[in-house]
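First up is the structure itself, then whatever we jot down about it.
Keep in mind the model is a prediction, meaning the values are calculated, not measured. Keep in mind that the numbers below use all heavy atoms, side chains included, and drop hydrogens, waters and symmetry copies.
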Amino acid sequence: MILIPTASFDDCGGWFVDSEFILQMGAPYLLAHGLGLPVSDAVTRFRVDKKGSYHVYAYTYNWVSPWHEDMTPGIFNVFIDSENTGEFGHTSSWSWEEGKSIILEEGEHTVSLHDLSGFEGRCAYILLSSSDNPSLPSGKDSIMSFYREMAGIGETKTEAEYDYIVIGGGMAGICSAVAASRLGLRTAIVQDRLLVGGNNSSEVRVWLGGGTNYDPFPGIGNIVGEFEQKRIGHYGSVNKADLYEDERKLSILEAEKNLTMYMGTELISSEMDGDKIASVELWDYLNNRIFRISAPLYNDATGDGNLGAMSGADFEVTTNGHMGMTNMWYIEKTESPHPFPRCPWAIDLSSAVFPGRGDTKDIYGHSREFSLGCWFWESGMTEDPIECAERSRDLNFRAMYGAWDTLRNVDNDYQDYDLAYCSAIGGKRESRRLLGDLVLTKADFRYTFPDACVPTTWNFDVHYPDKRFYSAFHEGDAFLTMDCREVFKGPYFLPYRCFYSRNVRNMFMSGRDASFSHDASGTGRIMRTGGMMGEVTAYAAKLCIDYGCLPRDIYKSHLVQFLELLKSIEKKEVHKVGNTID
């Protein structure tokens, strides 16, 4: 058998490498995210060692099957050399779909994915088998084991050792990695994408919120400030990719001499030594390599709390009533707009009121194109935010395509516009919350804790389905929300005990997976605030190395030294764009 992972194709063409759901379905995959226009072919080479007849299989998924099992918008062909082996994209779960068999000579060949629709077709693997009835794996664990076997990956060994390993390349992770590196720690950062910044990258396009650099810790926020973008576009077509300065963010990390970056690399397991993490296993899926790295200290900045969950950390997750996921999208006026096809598999909004339709206003009082694809096009509030994340992202796609189909083909509106952009990566707000020695609640904001150190200024901002648009939710899934805000007088300083695990003794956490209740996460999840958590945990890690201790010991035995160290950091003036609440 010959197994060909699509994420490591030589040329992905117009297909998008989607690594967001590896831990749920077992692999990264290529996504034909064409917004209704077929994307260009993805192509790679492979070698056949023995001439013969080979059956062709694709590991694929009909993404609308949870709602319409009889409809298949995401279809594609698999070509071996110049021969079409069939149409794929019909399976009702992630599984193998068989095409026709083909005679292959010994030597080099090509395989290509040919998109037929531009409507989110997806494929993780191509398999060629000389057997008539091969035993094919199903499920995330089996597919990972099969991949390892076919790639010849046996027991993984530790390739490098560090002082401090940060998992996650969002704002919390990159700020922590840079701070630790500058403090002299041999630091590694692991990021499952080729860009950093997380929600504040061109792939998701959410601007930074929250204030930084407040007395008595004037220098906390300096590194956040280095990553600040110079310009901002809030809504609609002004929210362009270049505003997020992806290359500049990467260059800051690349300049750090004590920092090793593992990009396009997924955390897949952790090895424990009692109640401490001994090493982490990583998958460089672009280069088909699995290996381990180790350190005495780790920081879970994954947002989803993946490292903590793998390591047995205590956590909470609100599976019904949590904040959801947004895939920002917008339309653009054009001189020669494309016709847009009907989308019977999308959410039928032909009889529904929604922001952007007619004169309907959104929660800000905006209307028309400024109300389409904004943050409040948000889904997944009633689904498990980890296990059902792909479904929630796909619901956002169905809402967008249903809205645009209604506007263009039912209302005969926006005829001089095209659907121009949609993030393929979902921007999450809430999932696992890892538990520290203190789980901060909204009621706790009446008190000042002795270990208070990270300022938060954003109000309590949690999202729930917007009842004005219930008629649009006739399928039972909400995808339009409203923000329910409660303002407090800031800054409020979050306690250090929220930033390390209460039962995994050598693990910090920074960002939205820190130790908050659901309501308190409405302020703690904001990206500048998460970036400062990253900075503070790096300083704590430095003291842990210096004193030969663990994160809890900083609070128990070295709190005075820790807080004095944070107070001693000199403030750097940085201009901030976007909304802050001071």
Side-chain angles (χ1 to χ4, degrees), residues 162-190 198 210 212 217 219-224 227 253 256 258-259 276-277 280 295-303 305-308 311 313 433-438 440 449 451-456 493-502 504-516 524-547 549-556 558-559 561-563 565-567 569:
Y162 299 94
D163 296 318
Y164 183 57
I165 294 173
V166 179
I167 310 294
M171 285 300 296
I174 60 179
C175 289
S176 197
V178 168
S181 173
R182 292 177 184 175
L183 290 166
L185 301 187
R186 292 173 297 125
T187 305
I189 185 168
V190 179
T212 63
F217 308 106
I220 299 301
N222 285 346
I223 295 175
V224 175
F227 288 107
L253 292 154
E256 293 300 321
N258 293 319
L259 179 60
K276 295 192 291 186
I277 302 169
V280 289
L297 297 167
Y298 297 81
N299 193 329
D300 187 329
T302 63
N306 292 330
L307 176 60
S311 305
R433 301 182 301 277
L434 303 171
L435 303 183
D437 278 344
L438 192 155
L440 195 73
F449 291 95
D451 52 336
C453 56
V454 171
T456 183
F493 289 87
L494 305 170
Y496 168 70
R497 283 169 291 168
C498 294
F499 309 139
Y500 62 85
S501 170
R502 70 187 186 189
V504 177
R505 295 176 60 215
N506 62 338
M507 188 186 77
F508 295 99
M509 51 265 194
S510 303
R512 62 181 177 86
D513 61 9
S515 185
F516 305 115
R525 67 185 173 86
I526 299 303
M527 280 188 281
R528 287 194 187 108
T529 306
M532 289 186 290
M533 294 180 208
E535 294 180 34
V536 163
T537 50
Y539 280 92
K542 168 63 173 171
L543 292 184
C544 285
I545 296 296
D546 288 348
Y547 290 121
C549 68
L550 293 170
R552 177 179 287 121
D553 300 319
I554 298 299
Y555 175 73
K556 292 177 65 176
H558 305 288
L559 184 59
Q561 298 97 311
F562 177 55
L563 295 179
L565 176 61
L566 298 182
K567 290 176 182 177
I569 306 168

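Of the possible polar contacts, one joining the N506 side chain to the P296 backbone as a donor-acceptor pair under 3.5 Å is found. The backbone N or O of L307 sits less than 3.5 Å from a side-chain atom of S311, completing a donor-acceptor pair. Although no hydrogens or angles enter the test, the distance criterion places a donor-acceptor pair under 3.5 Å between the side chain of S515 and the main chain of L438. Looking at E535, its side chain never comes within 3.5 Å of a backbone N or O of C175 through a donor-acceptor pair. Side-chain atoms of N299 do not come within 3.5 Å of backbone N or O of V166 as any donor-acceptor pair. In this structure a side-chain-to-backbone donor-acceptor pair under 3.5 Å is present from R512 to G303.
Checking each of I165, I277, L550 against M507 for a side-chain contact (heavy atoms from CB on, under 4.5 Å) leaves exactly one that passes, namely I277. Of the candidates Y539, F449, F508, Y496 forms a side-chain contact (heavy atoms from CB on, under 4.5 Å) with just one, namely F508.
Atoms CG and CG, from D513 and N306 in turn, are 8.5 Å apart once rounded to the nearest 0.5 Å. To the nearest 0.5 Å, atom CD of residue E256 and atom CD1 of residue I189 are 11.0 Å apart. A distance of 7.5 Å separates OG1 of T456 from CZ of F516, quoted to the nearest 0.5 Å. Note that CZ of R182 and CD1 of I223 are 5.0 Å apart. Values are rounded to the nearest 0.5 Å. Going from atom CE of M533 over to atom CE of M509 covers 10.0 Å, rounded to the nearest 0.5 Å. The structure places CZ of R497 at 4.0 Å from CG of D451, a figure rounded to the nearest 0.5 Å.
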I'd like to know whether Y164 forms a side chain to side chain contact (heavy atoms under 4.5 Å, CB included) with C544, so could you lay out the CA-CA distance, the side-chain angles of the two residues, the decisive distance to 0.1 Å, and finally the verdict.
CA-CA 10 Å; Y164 183 57; C544 285; over 6 Å; no

Side chain to side chain contact (heavy atoms under 4.5 Å, CB included) assessment of L297 paired with I545:
CA-CA 9 Å; L297 297 167; I545 296 296; 3.9 Å; yes

Stepwise side chain to side chain contact (heavy atoms under 4.5 Å, CB included) test for L253 and V178
CA-CA 7 Å; L253 292 154; V178 168; 3.6 Å; yes

Please report the C-alpha distance between M171 and R528 in whole Å, then the side-chain angles of each, then the deciding distance to 0.1 Å, and finally whether the side chain to side chain contact (heavy atoms under 4.5 Å, CB included) criterion is met.
CA-CA 7 Å; M171 285 300 296; R528 287 194 187 108; over 6 Å; no

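Shown here for A180 and A538, the closest heavy-atom pair between the two residues is N-CB, 3.5 Å. S176 and G534 make their closest contact through OG-O, 2.8 Å (heavy atoms, listed as atom of the first residue, atom of the second, distance). Annotation for Q561 and L543: closest pair C-CD1, 4.5 Å, computed over non-hydrogen atoms. Of all heavy-atom pairs between A514 and C498, the closest is CB-O, 3.7 Å.
Ion pairing of R502 with D437 is absent here, as no side-chain N (NZ or NE/NH1/NH2) approaches a carboxylate O to less than 4.0 Å.
Between L259 and T187 the shortest side-chain heavy-atom distance falls below 4.5 Å. Between C453 and I220 there is no side-chain heavy-atom pair separated by less than 4.5 Å. Within the 4.5 Å cutoff, no side-chain heavy atoms of V280 are placed close to those of V190. For the pair N258 and L185, the minimum side-chain heavy-atom distance is 4.5 Å or more. Residues L494 and F499 are in side-chain contact: their nearest non-hydrogen atoms beyond the backbone lie under 4.5 Å apart.
Side-chain contact check for T537 and S510: at least one donor-acceptor pair (N or O, by modelled atom type) lies under 3.5 Å.
Taking the six-membered ring for Trp and the full ring otherwise, Y500 and Y555 have centroids separated by 6.0 Å or more.
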